Protein chains: 2
Amino acid sequence: MELRIDGPQRSDAQRNRERILKVALVELSHSADAPLSAIAKKAGVGQGTFYRNFPNREALILEVYGHEVQQLTDAAAELLRTKAPDQALCEWMDSLARFAVAKVGLADAMRQTIGTSTASAQPGYAPVVAAIEALLVANHEAGTIRPDVTADDFILAIAGIWQIDVNGDWQSQAARLRDLVMDGLRTGAPGRD
Amino acid sequence: MELRIDGPQRSDAQRNRERILKVALVELSHSADAPLSAIAKKAGVGQGTFYRNFPNREALILEVYGHEVQQLTDAAAELLRTKAPDQALCEWMDSLARFAVAKVGLADAMRQTIGTSTASAQPGYAPVVAAIEALLVANHEAGTIRPDVTADDFILAIAGIWQIDVNGDWQSQAARLRDLVMDGLRTGAPGRD
DNA sequence: CGGACTAGCGGACTACTGTCCACTACTTGG
DNA sequence: CCAAGTAGTGGACAGTAGTCCGCTAGTCCG
């Protein structure tokens, strides 16, 4: 039986899903690589129920951090309202880096997610892409970055963010990556002609 | 018992290691996610022996492709001899992209390896870092790229290479990433003053 | 209310990774 | 050549991801 895509769920199913998410947040905060089976057990559901809701660890993590992701995408909109487009893009990359470092286990999930053709299918990932696209469009209109950059290009260019080690001076590493990418993006921008 | 680091191995140990590598090459070519236990079995060694030689899948893959990695690092030296430094760097990134796409499973291994603090400890990875450093040094001397870029920065900047999907038009994706990174690297180069 | 329909459940099961340790057999000194 | 010591073996074992399917119990229609 397939999970219903969006139609009304049975009441118990809805409860189960939420219970899993609640338990997962606690368990994953406690230890990023908590066994999924343990989460299922603590949530009081069987393996089958668990995996029908979250086909793999990445899917779970993306949903668990869904709220924080929301804040991140909101931040993009806010930055666009209050700052120059290129400044907004630059600062958003900083937020993203902080996010990547702060949410233990999320970076691994992102590494898995990016580049798979099913990436955009991941709920919780699509909003991020949308935020990136908004940032890029604003910059294109302002002529602050090269015209041919797509969201995919950008995601690939900042893939390194998900590789940064929390130990070590991640701040400067992230800043250097950000500067490099920004300079690359700015090269060939029509606004500079 | 620890595996001897470099001293003379017992003759049978040497044979085992080579047999594993030979079998692994065949099996991994056949299917990139062949079970390690199956490789051990086909090589006629126990799990213990297998894992003492290759602590995890990534280590095995890195060694299996060791020969090809050698060619890649050789190519860097050759390019440096025959081309302008920035041209060499650019073309080497192309080689790297082709490499990433061609060797199924290698990209996954690299994603795992990069960013771990033990990265340079991986035999078979260190030569790549050395090659990158050589390319960067040549460019620094020629003043063709910004002076502050380290090998780590570069590796982070091209992390996207290991995310590129073999399906889809990886060629143009790689080219766009390469151009973006190259432009980023060139920005602020002293030679441009 | 009650029965039929089926979405959804849950846990047994398979497959794989990686660890551990009692044993085997290569080596070396006498 | 033999014996002692130990490098190295190998497979049993433990733990986890993910699948499968018979059963349970919400839901809905009469």
Side-chain angles (χ1 to χ4, degrees), chain A residues 1-24 27-28 30-64 105 108-109 111-113 116 118 122, chain B residues 1-21 23-24 27-28 30-64 105 108-109 111-113 116 118 121-122:
Chain A
M1 181 76 256
E2 289 289 298
L3 179 64
R4 259 193 249 173
I5 311 299
D6 53 22
Q9 285 182 308
R10 244 168 60 175
S11 55
D12 56 338
Q14 179 67 21
R15 271 197 307 279
N16 275 333
R17 171 167 242 275
E18 272 159 20
R19 208 162 55 243
I20 292 172
L21 278 173
K22 211 170 72 190
V23 171
E27 292 298 304
L28 288 176
H30 183 62
S31 141
D33 48 2
L36 302 186
S37 51
I39 294 176
K41 195 165 200 178
K42 281 213 178 183
V45 303
Q47 304 272 74
T49 303
F50 179 89
Y51 280 100
R52 207 170 329 97
N53 278 283
F54 310 99
N56 51 49
R57 174 175 290 271
E58 287 68 52
L60 176 66
I61 289 179
L62 241 41
E63 297 246 8
V64 164
D108 296 290
R111 278 210 297 276
Q112 300 287 346
T113 304
T116 66
T118 55
Q122 290 281 5
Chain B
M1 181 76 256
E2 289 288 300
L3 179 64
R4 260 193 247 173
I5 309 300
D6 52 21
Q9 286 181 307
R10 242 168 60 176
S11 56
D12 56 338
Q14 180 65 22
R15 271 198 305 280
N16 273 335
R17 173 166 242 275
E18 272 159 19
R19 210 162 54 244
I20 293 172
L21 278 172
V23 171
E27 292 298 304
L28 289 175
H30 183 63
S31 140
D33 48 4
L36 301 186
S37 50
I39 294 176
K41 195 166 201 178
K42 281 213 178 184
V45 303
Q47 303 274 74
T49 303
F50 180 90
Y51 279 100
R52 205 167 336 94
N53 278 284
F54 310 100
N56 51 48
R57 175 176 291 271
E58 287 69 50
L60 175 66
I61 288 179
L62 240 42
E63 297 247 8
V64 164
D108 297 290
R111 279 208 298 274
Q112 302 286 347
T113 303
T116 66
T118 55
Q122 290 280 2

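Just so we're on the same page: letters track the sequence lines, and every chain starts at 1. All of these numbers come straight from a predicted model, not from anything done at the bench.
Inter-residue side-chain proximity for A/V45 and A/R52 is flagged as unmet; no heavy-atom pair is nearer than 4.5 Å.
Distance check, rounded to the nearest 0.5 Å: CD of B/E58 to CG of B/D108 gives 8.0 Å.
The side chain to side chain contact (heavy atoms under 4.5 Å, CB included) with B/F54 is formed by just one residue from the set B/I61, B/V64, B/L60; it is B/L60.
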Identify all pairs in which a protein N or O lies below 3.5 Å from an N or O of nucleotides 14-20 of chain D, and state each distance.
residue : atom : partner : partner atom : Å
D/dA17  : OP1  : A/R57   : NH2          : 2.9
D/dA17  : OP2  : A/L36   : N            : 2.9
D/dG18  : O6   : A/Q47   : NE2          : 3.0

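Smallest separation of non-hydrogen atoms from B/P55 and B/N53: CD-O, 3.8 Å.
Atom NZ of B/K41 is separated from atom P of C/dC16 by 11 Å (rounded to the nearest Å). Between the P atom of C/dC9 and the CD atom of A/Q14 lies a distance of 11 Å, rounded to the nearest Å. The distance between atom CZ of B/F50 and atom P of C/dT17, rounded to the nearest whole Å, is 8 Å. Atom CZ in A/R19 sits about 15 Å away from atom P in C/dG8, given to the nearest Å. In this structure, B/R15 atom CZ and D/dG8 atom C1' are separated by 12 Å, rounded to whole Å.
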Run the side-chain donor-acceptor check on residues 33-42 of chain B: report pairs under 3.5 Å with partners two or more places apart or on a different chain.
residue : atom : partner : partner atom : Å
B/D33   : OD1  : B/S31   : OG           : 3.2
B/K42   : NZ   : B/E27   : OE2          : 3.3

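Using a 4.0 Å cut-off, no side-chain N or O of B/R52 falls inside it from OP1 or OP2 of D/dG8. Contact annotation: B/N16 reaches the phosphate of D/dT9 (side-chain N/O to OP1 or OP2, under 4.0 Å).
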task: Report the C-alpha distance between B/Q112 and B/L62 in whole Å, list the side-chain angles of each, state the deciding distance to 0.1 Å, and finish with yes or no for side-chain contact (heavy atoms from CB on, under 4.5 Å).
output: CA-CA 11 Å; B/Q112 302 286 347; B/L62 240 42; over 6 Å; no

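Applying the Watson-Crick and G-U wobble criteria (two distances, each under 3.5 Å), C/dT28 pairs with D/dA3.
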